[in-house]
Amino acid sequence: MAAKKKLTESMSKRLIDEVQRWGCMKQKGVSLKYMMEFGSRPSERNLLLSAQFLRNELPIRIARRAIELESLPYGLSEKPAVLKVRDWYLDSFRDLRSFPEIKDRKDEEEFTQMIKAIKVRHNNVVPTMALGVQQLKKGLGRKIVYEDLDEIHQFLDRFYMSRIGIRMLIGQHVELHNPNPPPHCIGYIHTKMSPVEVAHNASEDARAICMREYGSSPDVNIYGDPNFTFPYVPTHLHLMVFELVKNSLRAVQERYMDSDKLPPVRIIVADGVEDVAIKVSDEGGGIPRSGLPKIFTYLYSTAKNPLDENADLGTADMVTMAGYGYGLPISRLYARYFGGDLQIISMEGYGTDAYLHLSRLGDSQEPLP
Ligand SMILES: Nc1ncnc2c1ncn2[C@@H]1O[C@H](COP(=O)(O)OP(=O)(O)OP(=O)(O)O)[C@@H](O)[C@H]1O
């Protein structure tokens, strides 16, 4: 197998066998509901159980990704940035596999520190992979046929989805150690999250970026009951709404550049029985129908990568503002992670509606690519 041969070149035989063996094991998904119920009783026993689960589950998920990173088409696996990411995955796999059985509280605490460090090690995976894709595009030059790159798109979707899951599981475990969790918070989950409030905060952040770039910003009007709450992960929702509003503000701002009256962006929050739906509507001129298939891809963007040689950026915080065209595909993965979805409907010559559906029941299992 080609992937196995390449792994051989860079690792000891024992590690290769172990990665291959663990990469074949079955992953176990968790639901939002389960995370919430389990985390609502962070007793010593539960923390121990959670750590034991992660000691087994994380190497399986990480090994899968390490193997996939070795067998990407068009030579993407050999790009320096991708090799760097591969090494982070191998280092984390090694750390997890060399950790002895977790028997007591002391082991559990050491394990928690270790997975916390793993999470930090992987902070820059998204921009670094984006850089790898750019290195590939540069190398292929004009020969590039975007339709052929669908395989890479599919891989990146699986890869980033898996990363969301791994970070959620680690973050959730680490947060359960917080002796003074904020009210109504179980790890990353807020059991009484107000989508209107999160949408408001995310819109303000997006407006601040717009102000910085253009010197002005359209208003954002939010319609919905601010007292309505449901259990969800506020950081995920913030990220999604931020990306959608940022796109809308930019579109409106660009279209009405010379006008002093900008049509506002409107957000509607609907609380259904099954779903909470959030619509972000703008009058920014829309997207041509022929361009729609491209907006969810990772490979079309011409924007500059902040980790590129000439850019002096690259902190983890830059990820969401980096502007390398990942806003929509990554937001859709976050929505799908807990059983929701994201759709974009556009009227060219008028504006765009983004529909974000979040599953309210929280009982869908994590997608496990
Ligand atoms: N509301 C919108 N109105 C018009 N065009 C849009 C809108 N939303 C998205 N687009 C188009 O879709 C493209 C992809 O959006 P996406 O959010 O994925 O990336 P980006 O905005 O270019 O970069 P980033 O989100 O990383 O800053 C945009 O570049 C833009 O051309």
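Positions are given from 1, in the same order as the sequence printed here. All ligand and atom numbering here is 1-based and tracks the order in the structure.
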Side chain, backbone, both or neither: [X] near ligand 1, heavy atoms under 4.0 Å:
X	value
Asp282	side chain
Arg250	side chain
Ile287	side chain

Subset of ligand 1 atoms that lie under 4.0 Å from at least one heavy atom of [X]:
X	result
Lys246	24 (P), 25 (O), 27 (O)
Ala251	3 (N), 4 (C)
Glu243	25 (O)
Pro329	18 (O)

Does the plane of the ring in [X] sit parallel, tilted or perpendicular to the ring in [Y]? Use 30° and 60° as the thresholds.
X	Y	value
His173	Phe111	perpendicular
His236	Tyr334	perpendicular
Phe338	Tyr232	perpendicular

Worksheet item: Are Glu197 and Val269 close enough that some pair of their side-chain heavy atoms sits under 4.5 Å apart?
Response: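 With C-beta onward as the side chain, the pair stays apart.
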Practice prompt. Compare all side-chain heavy atoms of Leu368 with those of Arg61 and state whether any distance is below 4.5 angstrom.
Written response: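 When only atoms from C-beta onward are counted, Arg61 and Leu368 do touch, with a gap below 4.5 Å.
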Discussion item. Can you see whether Thr297 engages His153 through a side-chain donor-acceptor pair at a distance of less than 3.5 angstrom?
Written reply: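 There is no such pair (donor and acceptor under 3.5 Å, judged by atom type) between the side chains of Thr297 and His153.
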Item to complete: Could you tell me whether ligand 1 has any atom less than 4.0 Å away from a heavy atom of Gly325?
Response: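 Yes, Gly325 has heavy atoms under 4.0 Å from ligand 1.
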Discussion item. For Ala354, state whether at least one heavy atom is located under 4.0 Å from any atom of ligand 1.
Written reply: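 Heavy atoms of Ala354 never come under 4.0 Å of ligand 1.
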Fill in: From the candidates Leu249, Ile295, Leu244, the one that places a heavy atom nearest atom 11 (C) of ligand 1
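Going through Leu249, Ile295, Leu244 one by one, Ile295 has the nearest heavy atom to atom 11 (C) of ligand 1.
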Practice prompt. Return the option from Ile330, Asp353, Thr352, Asn247 holding the heavy atom at the smallest distance from atom 9 (C) of ligand 1.
Written response: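 Selected option, by shortest heavy-atom distance: Asn247.
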Worksheet item: Looking only at N/O atoms, are Leu328 and ligand 1 under 3.5 Å apart anywhere?
Response: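 By distance alone, the answer is yes.
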Discussion item. Could you check, using the six-membered ring where one of them is a Trp, whether Phe38 and Phe53 have ring centers closer than 6.0 angstrom?
Written reply: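 Not close enough - the centres of the two rings lie 6.0 Å or further apart.
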Worksheet item: Just checking, Arg332 and Phe296: is the charged tip under 6.0 Å from the six-membered ring centre and within 45° of the axis?
Response: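 Yes, a cation-pi geometry.
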